[in-house]
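Before any comments, here is the structure.
We name chains A, B, ... by the order of the sequence lines, and we start the count at 1 in each one.
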Amino acid sequence: MPYDFSVIEPKWQKEWADAKIFEVEADPSKEKFYCLEMFPYPSGALHMGHLRNYSIGDLFARFLRMQGKNVLYPMGFDSFGMPAENAAIKHNTAPSEWTWSNIEHMTEQLKRAGYSYDWRRRVETCSVDYYRWNQWLFLQFYKKGLVYRKHAPVNWCDKCQTVLANEQVIDDGVCWRCGTPVTKRDLDQWFIRITDYAQELVDCLDELKEGWPERVLTMQRNWIGRSEGVHFQMDIADTDLKIEAFTTRIDTIFGVTFVALAAEHPHVKKLAEMAGGKKKEEILAFAKRMASRSTIERTAVGVDKEGIDTGFFAVNPVTGEKSPLWIADYILMDYGTGAIMGVPAHDQRDFDFARKYNIPIITVVRPVDGPAEDGATMACAAAADGIACNSGFLDGLPTEEAIKKAADWFEEHGKGKREIQFRLRDWLISRQRYWGTPIPMVYCDHCGVVPVPEDQLPVKLPLDVEMPKNGGNPLALRPDWYNTICPVCGGPARRETDTMDTFFCSSWYFDRYTSPWVSDAPFDKDAAKYWMTVDQYIGGIEHACLHLIYARFFTKVLSDLGLLPPDMREPFKRLLTQGMVIKDGAKMSKSLGNVVDPDEIIKRYGADTARLFILFAAPPEKDLDWSERGVEGASRFLGRVFRLVEQNLENLKKASAQRLKLSELTDAADRKMKRITHSTLDRVTKDIRDERQFNTAVARLMELTNALIAFAPKDEKGWAVMREAVETLLCCLSPFAPHITEELWHMLGNEDFLSVHRWFEVDESALVEDSVTVVLQINGKVREQFEVPAGLSKEDLLAEVMSRDATKKRLEGKEVIKTIAVPGKLVNIVVKG
RNA sequence: GCCGGGAUGGCGGAAUGGUAGACGCUCGGGACUUAAAAUCCUGCGAACGCAAGUUCGUGCGGGUUCAAAUCCCGCUCUCGGCACCA
């Protein structure tokens, strides 16, 4: 009977499901392991990226299960979002119908791939049972003061017809989903105070060093953008106005030669008024022109800085000197205070600006080993640390100390204080879209903004909607839905028609998995306490500053709300960011027409082959080059394993299941086979557990298979050795190719499931070698290799090598200068002549 | 500009101071077959050589070492992230 995956795979999928071997319960007596993949958006069908993500996850889940851990391995769908609305318009159906049919289809696909999920725990964020808890959590956040409504300039995508969070504006100001340039709009929107947690979000990155990729930590650190500095005030001469400024380089305060405001700064209008006349018109015109520029225009490389002199002067709080007050386009209103002290000698941007407008440049920091540069002739700003000069009481101090002393001065004189600034902005969660969680708020003419009482949740999304053809939110066109009664006064009120950013849903779904059946809370506290945190998370790098920041933030808040234990501050202990799947040099995508359909591959080669290829072709973090030939290679390998067992089946079944010790084996080939078996087991275990090097683990298993094919047992002992080797191979291969290994395991007469069988133990005594190959080097160049008994000391090895005729011959007529012997490895003889 | 990753055969990739190229793919030779597919055996970094073998070889230039893909110094190219963030 040949290897027929089309029979074997469905058969074992059914057996596993019937026996419920992948269903788990919290059990504090057992050590748990929570293995999680970033859940998919139900776009219609699985793509290769999904297959790669989940093949890695299933490998971990199966491996750890076999290692005896109580493994939580769930799957669900991130099923709210724009594409459902677009598809609904295109196919003239409802977003919910489209979404649910995709969920069912993709679930079937995942089952055909043989992943070992506990399917009872499937979570769909678009189901009322889930999103009602989004609403409930939103209200808890609201009570805690973490939710606020603000009229502010926000990012607007015209194509998606909705606002976006800062994190969703990428690549110089375009929408993360559709690539449309983002514009600014002034709107009333709901924000979440993620900035309250900015400091902790940075601090905890250190705890994640062990298990997270360095680059993700760096990206988050950059995104949160913590900087320490001094916040201080400056008077505007001859007015009552004061300017608030922030700087990280307070040590350069003596080098201030101008002060600049952002065009949107509230003082701009006042100053224009005070200036009056022609100057007023000029200032207002300038501010208007700057405000109308898009993010792209403002941040394009090489754009000249622009500014206008207000004619006013700011007073330096230390020196009392007056510096001209400018309005400049490179000052951002939404960072710091929207005003800066200009120190052109030591800041490149200020330098560019000063040169353009002939503002004086004064150096106040000199290099450690030389004199200060001349401000009039220097080519660029000297931003590096050095020694303070021309700086009164700071003179002679190295930058770090000068900063400290200057900051102390400001605090002592009550003119400013130390402050920490973050780049991170609050999270805008309102979306002017239909297919999302309704924000549980109502607007009453008498009572204002009123939260929906918890006992009135859920605010259900109507499913019988017609999507407006020209875009926009159908909820806003449904008076029957949005007209309601004020929970406070009972008068007429209107529901919030915006829905929540879908990243809200995905910020706590992993908590829900721990107890998806509870109906009186988002999740069961005890279940979460047992299962959380996620031990291994797997997904794409694209979420480094989106989902992965929001989920970290949520976990801290849920912990503070008492829903998670107080010390549970981080959701994901280890993170693996898998590489992309590449074909013909580019990422697989519909628009490039280079997609390979996982279903097709599974149909043609089987799930085991597809999974094995994916895990073998590249290390998990690297991009994977899709190769049909490579898939065939994986298929060939599984065929070899199948035939190996099948062709020796009778003898293997008869063979003793007893494990013979190496010391009980006398035949050299048997001993060698035994050693290979255990060194393979040892290395594969380490590759998976410690190194996460699945490609090399597969390579070892191929080597073991090659050795087994060449192995010819001579007697009963030999067959016992072979049986042990074959079963070890099946055990190690099981997490990679679970169906074929399960089949062969049962063919050998085993009755339990290999999928949940205990991982084999390495017999350390079987790793001991009789002899080792050592290399003879002359002057560092390899000359020959030969066998010596294992365990020789340095001296004995050297003596052994030097006594060989071949060695003596090589050294004839040469003077030995030095010898180096590395036991078990090599001997290097340094000679002259 | 700043931060991070990477560069090894025809290709994907092994090797973290000690035999460079494991394992696989491609390609060549052979066996089986009427034939093909499948399968099995075998060769495969480059140069010279009938061979034994010798020399060269891990992006480039230096250095440390008996010994460097690996460590140090200085570059080049490339991929990714952030970027008037004060």
*Grab the two heavy atoms, one from A:His346 and one from A:Ala381, that are nearest each other, plus how far apart they are.*
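The pair with the smallest heavy-atom distance is C-CB, 4.0 Å.
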*Taking all atoms of both residues into account, what is the closest heavy-atom pair of A:Ala544 and A:Ile549, and its distance?*
O-CG1, 4.0 Å
Could you tell me how far apart [X] ([atom1]) and [N] ([atom2]) are, to the nearest whole angstrom?
| X | N | atom1 | atom2 | result |
| --- | --- | --- | --- | --- |
| A:Asn695 | B:A22 | CG | P | 14 Å |
| A:Arg640 | B:C41 | CZ | P | 6 Å |
| A:Met219 | B:A83 | CE | P | 11 Å |
| A:Asn706 | B:U42 | CG | P | 10 Å |
| A:Arg221 | B:G4 | CZ | P | 10 Å |
| A:Asn166 | B:C85 | CG | P | 16 Å |
| A:Lys794 | B:G18 | NZ | P | 16 Å |
| A:Leu424 | B:C82 | CG | P | 14 Å |

*Determine, step by step, whether A:Lys417 and A:Phe410 satisfy the side-chain contact (heavy atoms from CB on, under 4.5 Å) criterion, reporting the C-alpha distance in whole Å, the side-chain angles of both residues, the deciding distance to 0.1 Å, and the verdict.*
CA-CA 6 Å; A:Lys417 59 179 198 307; A:Phe410 271 87; over 6 Å; no
Return all side-chain donor-acceptor pairs below 3.5 angstrom for residues 790-797 of chain A, not counting sequence neighbours, or 'none' if the list is empty.
residue  : atom : partner  : partner atom : Å
A:Ser793 : OG   : A:Asp796 : N            : 3.2
A:Ser793 : OG   : A:Asp796 : OD2          : 3.4

Distance between [atom1] atoms of [N] and [M] (Å, rounded):
| N | M | atom1 | answer |
| --- | --- | --- | --- |
| B:G13 | B:A69 | C1' | 14 Å |
| B:U64 | B:A83 | C1' | 39 Å |
| B:C23 | B:G61 | C1' | 34 Å |
| B:C40 | B:U55 | P | 38 Å |
| B:A36 | B:C79 | C1' | 45 Å |
| B:G5 | B:C73 | P | 14 Å |
| B:U70 | B:G17 | P | 12 Å |
| B:C56 | B:G6 | C1' | 26 Å |

*Please work out whether B:G13 sits syn or anti, treating a glycosidic angle within 90° of 0 as syn.*
anti
Set out, line by line, the N/O atom pairs under 3.5 Å between protein and nucleotides 61-68 of chain B.
residue : atom : partner  : partner atom : Å
B:C66   : OP1  : A:Lys818 : NZ           : 3.2
B:C66   : O2'  : A:Asn828 : ND2          : 3.2
B:C66   : O2   : A:Asn828 : ND2          : 2.6

Within the 4.0 Å heavy-atom criterion, would you say [X] contacts the bases, only the backbone, or no part of the nucleic acid?
| X | answer |
| --- | --- |
| A:Gly225 | nothing |
| A:Pro213 | nothing |
| A:Arg226 | nothing |
| A:Thr247 | sugar-phosphate |
| A:Gln785 | base |
| A:Asp623 | sugar-phosphate |
| A:Phe616 | base |
| A:Val782 | sugar-phosphate |
| A:Arg629 | sugar-phosphate |

More than 12 heavy atoms from other groups under 6.0 Å of [atom1] on [X]:
| X | atom1 | answer |
| --- | --- | --- |
| A:Arg215 | CZ | no |
| A:Glu787 | CD | yes |
| A:Lys356 | NZ | yes |

Could you check whether the rings of [X] and [Y] sit parallel, tilted or perpendicular, using 30° and 60° as the cut-offs?
| X | Y | value |
| --- | --- | --- |
| A:Phe694 | A:Phe736 | perpendicular |
| A:Phe246 | A:Tyr335 | perpendicular |
| A:Phe353 | A:Tyr330 | tilted |

Would you say [X] places a side-chain N or O within less than 4.0 Å of OP1 or OP2 belonging to [N]?
| X | N | answer |
| --- | --- | --- |
| A:Arg643 | B:A38 | no |
| A:Arg636 | B:C25 | yes |
| A:Ser227 | B:A86 | yes |
| A:Lys622 | B:G5 | no |

_I'd like to know if the side chain of A:Trp427 pairs up with that of A:Glu167 as donor and acceptor (distance under 3.5 Å, no hydrogens or angles considered)._
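There is no such pair (donor and acceptor under 3.5 Å, judged by atom type) between the side chains of A:Trp427 and A:Glu167.
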_Whether the A:Asn706 and A:Arg640 side chains hold a donor-acceptor pair (N or O, under 3.5 Å, no angle test) is what I'd like checked._
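Indeed, the side chains of A:Asn706 and A:Arg640 share at least one donor-acceptor pair under 3.5 Å.
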*Could you provide the dot-bracket string of RNA chain B, using ( ) for intrastrand pairs, [ ] for crossing pairs and | for bases paired to another strand, with Watson-Crick or G-U pairs below 3.5 Å?*
(((((((..(((.....[....))).(((((.......))))).((((....))))..(((((..]....))))))))))))....
*State which of B:A83, B:A14, B:G4 makes the closest approach to the side chain of A:Pro619.*
B:A14
*Closer to the 5' end of RNA chain B via nearest nucleotide, is it A:Lys781 or A:Ala617?*
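Result of the comparison: A:Ala617.
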